[in-house]
Asks: 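Below: one structure in structure tokens.
The basis for the numbers below is simple: all heavy atoms, side chains too, and nothing from hydrogens, waters or symmetry mates. All residue numbers in this chain count up from 1 along the given sequence.
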Amino acid sequence: MRVPQTWLDISADDPFGPAALPYGVFSTADGRPPRVGVAVGPWVLDLAAAAYALDAPFAEAADAAVLNPLMAAGPQTWRRVRSTLTAWLSDPAYEDVLRPHLVERSGVRLHLPFEVGDYVDFYSSEHHAANVGRILRPGQPPLTPNWKHLPIGYHGRSGTVVVSGTEVVRPMGQRRPPSAQEPEFGPSARLDIEAEVGFVVGPPKPPGGRVAVADFAERVFGVFLVNDWSARDLQAWENAPLGPFLSKSFATSVSPWVVPLDALEAARVQPPERDPEPLEYLRDAEGEPWGLDLRLEVRINGHIVSRPPFRTMYWTPAQQLAHLTVNGASLRTGDMYASGTVSGPGADERGSLIELSWNGAEPLELPDGSTRTFLQDGDTAAITATAPGPGGAVIGFGEVSGRVLPAQG
Ligand code: CA
């Protein structure tokens, strides 16, 4: 694989270089409605306008305020769009036609890139699950008996998925402090982040049947970053017996750029060894592993606090989708699922503050001299990621960030 060339002036190490070409939805200050764009270097290409100008067959699928029609069109269309974009951006003959449809990325507003269908959040990092088990269930086995047999997950709230940059109001709720007999009500005192990777479904699937591990790339349009904001005090009180509810449902932030799976060929790696071997429907397709070498960074107020490695995830996104549909559940275009908190084996590779501060026992020090166990009002949490691309290129994911606003009682 080699790096695609382009007549645009883009530095070789630009994470939005011609090997990436992520999709998003943008608007400009001229008041025109949001529309589909492709990030390339410091620009956004207005995809439908360019496609109409060059009579490309996918113009109608791209002519929308969300990515859903393009995602629903399926993998053959996705590959045609991507190869066409590469041709346009590499052949100087297209420059005069395309220039008017490139706008500076720094001047656009980015929107939620797709209409979210259902939202499932998994729990597939062995390091994260074991850390949380040790913190919350000391003296017991860190993993529950089912953990290595299936990707644990729960259904989240799709209506509160918000795009990066949206401010997040500290949730109110019930919690019962360890020393108390009765619950109390108030703003969460233990607001946390969870650094995760998200996946979005393209073509729908009717009820019955399932998506095989081997069919992942035919069904999933792309990859983005997720911050699964979590109120740990609310979670601790409400979690048993049915799992997370209001401790998660107030907001889930996603990055605005969706990186197509085809941009991640060079990032595919063998996932960790699975022991015991999972049931047949969860086994990796022969020679087609879907471990991904995504390197995340977590920042609090601009300061890096963690570098979670996605390649250490126990269950791959292909296994997660196979499990999500093994009961015959239908899929809709725009259904999204998140990996679960990404935590590596190292103390500086943990994707949540409950792990980084060991449930508050080991506060983090920030460069301004302050310390954090959990988030304070006014804090900004940001997650970024890159992956290896072809020929030494870097594939960027941009970032998902959000600032915490005080609770509204
Ligand atoms: Ca989560």
Asks: Check whether Ser339 reaches the backbone of Val197 with its side chain - one donor and one acceptor, N or O, closer than 3.5 Å.
Replies: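 Yes, the answer is positive, given that a donor and an acceptor are paired below the 3.5 Å cut-off.
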Asks: Nearest 0.5 angstrom please: Glu194 CD to Asp192 CG, how far?
Replies: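 Going from the CD atom of Glu194 to the CG atom of Asp192 covers 6.5 Å.
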Asks: If we count only N and O atoms by modelled type, under 3.5 Å, do the side chains of Glu349 and Ser343 hold a donor and an acceptor together?
Replies: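 On atom types as modelled, these side chains do not qualify, holding no pair under 3.5 Å.
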Asks: Any ion pair linking Arg274 and Glu277 (charged N to carboxylate O, less than 4.0 Å)?
Replies: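 Result for this pair is no, no salt bridge flagged.
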Asks: Can you list the residues that meet the salt bridge (charged side-chain N to carboxylate O under 4.0 Å, His left out) rule with Arg99, with sequence neighbours excluded?
Replies: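 By the salt bridge (charged side-chain N to carboxylate O under 4.0 Å, His left out) rule, Arg99 matches Glu95.
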Asks: Is the count of non-hydrogen atoms from other residues, nucleotides or ligands lying under 6.0 Å from Arg82 atom CZ greater than 12?
Replies: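 More than 12 within 6.0 Å, yes.
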Asks: Give the table of side-chain donor-acceptor pairs shorter than 3.5 Å for residues 62-77, with sequence neighbours excluded, one pair per line with atom names and distance.
Replies:
unit_1: Asp63; atom_1: OD2; unit_2: Tyr52; atom_2: OH; d: 2.8
unit_1: Asn68; atom_1: OD1; unit_2: Glu115; atom_2: N; d: 2.8
unit_1: Asn68; atom_1: ND2; unit_2: Glu115; atom_2: O; d: 3.1

Asks: Other residues, nucleotides and ligands only: do more than 12 of their heavy atoms fall within 6.0 Å of CG on Asn146?
Replies: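 For Asn146, atom CG is crowded (more than 12 foreign heavy atoms under 6.0 Å).
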Asks: Taking the side chain as every heavy atom from C-beta outward, state whether Val400 and Val226 have any pair of such atoms under 4.5 Å apart.
Replies: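 Sidechains of Val226 and Val400: no contact.
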Asks: Can you tell me if CZ on Arg137 sees more than 12 non-hydrogen neighbours from other groups inside 6.0 Å?
Replies: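 Yes, enclosed.
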Asks: Could you give the side-chain donor-acceptor pairs of residues 236-243 under 3.5 Å, partners two or more places apart or in another chain?
Replies:
unit_1: Trp237; atom_1: NE1; unit_2: Gln174; atom_2: OE1; d: 2.7
unit_1: Glu238; atom_1: OE1; unit_2: Leu246; atom_2: N; d: 3.1
unit_1: Glu238; atom_1: OE2; unit_2: Phe245; atom_2: N; d: 2.7
unit_1: Glu238; atom_1: OE2; unit_2: Leu246; atom_2: N; d: 3.1
unit_1: Glu238; atom_1: OE2; unit_2: Ser247; atom_2: N; d: 2.9
unit_1: Glu238; atom_1: OE2; unit_2: Ser247; atom_2: OG; d: 2.7

Asks: With sequence neighbours left out, write down each residue that passes side-chain hydrogen bond (donor to acceptor under 3.5 Å, both in side chains) with His111, or none if nothing qualifies.
Replies: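 Only Ser27 meet the side-chain hydrogen bond (donor to acceptor under 3.5 Å, both in side chains) criterion with His111.
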Asks: Holding to ring pair (Phe, Tyr, Trp, His ring centres under 6.0 Å), I want the full list of residues that pass it with Tyr337, two or more places apart in sequence or in another chain.
Replies: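 Only Phe122, Phe199 meet the ring pair (Phe, Tyr, Trp, His ring centres under 6.0 Å) criterion with Tyr337.
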Asks: Which atom pairs, donor and acceptor, lie under 3.5 Å between side-chain atoms of residues 207-224 and protein residues at least two apart or in another chain?
Replies:
unit_1: Glu218; atom_1: OE2; unit_2: Arg79; atom_2: NH2; d: 3.4
unit_1: Arg219; atom_1: NH1; unit_2: Pro203; atom_2: O; d: 3.0
unit_1: Arg219; atom_1: NH1; unit_2: Pro204; atom_2: O; d: 2.7

